[in-house]
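Numbering of residues begins at 1 and proceeds along the displayed sequence.
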Amino acid sequence: MVSTLIGTAAALVVIGAIVITLERHQKLTVITGTIVAVSAAAVVIGSALGAVAILQPASATIPAPKFVSENNLPERIVDFQLPTI
């Protein structure tokens with residue numbers, strides 16, 4: 001959880017530095033502003049999804065249904081026949 005927040009903060013600092021650099025060089029247009037805003041939103045949404053994924057239990061802890069087990073799989077196929085010509 002902490003690493004997710006640190007990563008989000010670092011990414012937003014980088015995005016902020018890009019915006020400041022573009023503004024200083026007077027290259028911040030509507031298109032670049034939109035791209036930066038979308039990337040900042042993607043970072044925040046990714047961080048939220050990462051935090052939720054950390055808090056939820058892993059799907060590997062959920063047991064498989066009873067009909068899927070190694071005991072009901074055949075060891076070898078004996079009724080296999082090749083087609084005749």
Side-chain angles (χ1 to χ4, degrees):
M1 182 80 174
V2 174
S3 63
T4 305
L5 293 175
I6 292 172
T8 302
L12 291 176
V13 166
V14 169
I15 291 172
I18 291 170
V19 169
I20 291 170
T21 303
L22 288 173
E23 185 62 35
R24 279 191 182 169
H25 292 26
Q26 297 178 349
K27 302 270 185 187
L28 186 64
T29 63
V30 175
I31 295 172
T32 56
T34 304
I35 292 171
V36 169
V38 168
S39 64
V43 166
V44 171
I45 291 171
S47 173
L49 290 175
V52 169
I54 289 172
L55 295 176
Q56 288 186 354
S59 61
T61 60
I62 300 171
K66 290 185 178 182
F67 63 86
V68 179
S69 69
E70 293 182 12
N71 293 334
N72 62 2
L73 296 175
E75 290 185 17
R76 62 183 181 157
I77 301 172
V78 292
D79 295 332
F80 182 78
Q81 293 181 357
L82 295 173
T84 57
I85 299 177

Student: When hydrophobic residues are tied together by side-chain contacts of less than 4.5 Å, even through go-betweens, does Ile6 share a cluster with Val14?
Tutor: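 No.
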Student: I need the full list of side-chain hydrogen bond (donor to acceptor under 3.5 Å, both in side chains) pairs touching residues 43-52, with sequence neighbours left out, sorted by first then second residue.
Tutor: Thr8-Ser47
Student: Taking only residues at least two apart or on different chains, which pairs with a member in residues 9-25 satisfy side-chain hydrogen bond (donor to acceptor under 3.5 Å, both in side chains)?
Tutor: none
Student: Quick one: closest heavy-atom pair of Ala11 and Val43, and the distance?
Tutor: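 Looking at all heavy atoms of both residues, the closest pair is CB-CG1, 3.6 Å.
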Student: About how many Å separate CG of Leu22 and CD1 of Ile35, when rounded to the nearest 0.5 Å?
Tutor: 10.0 Å
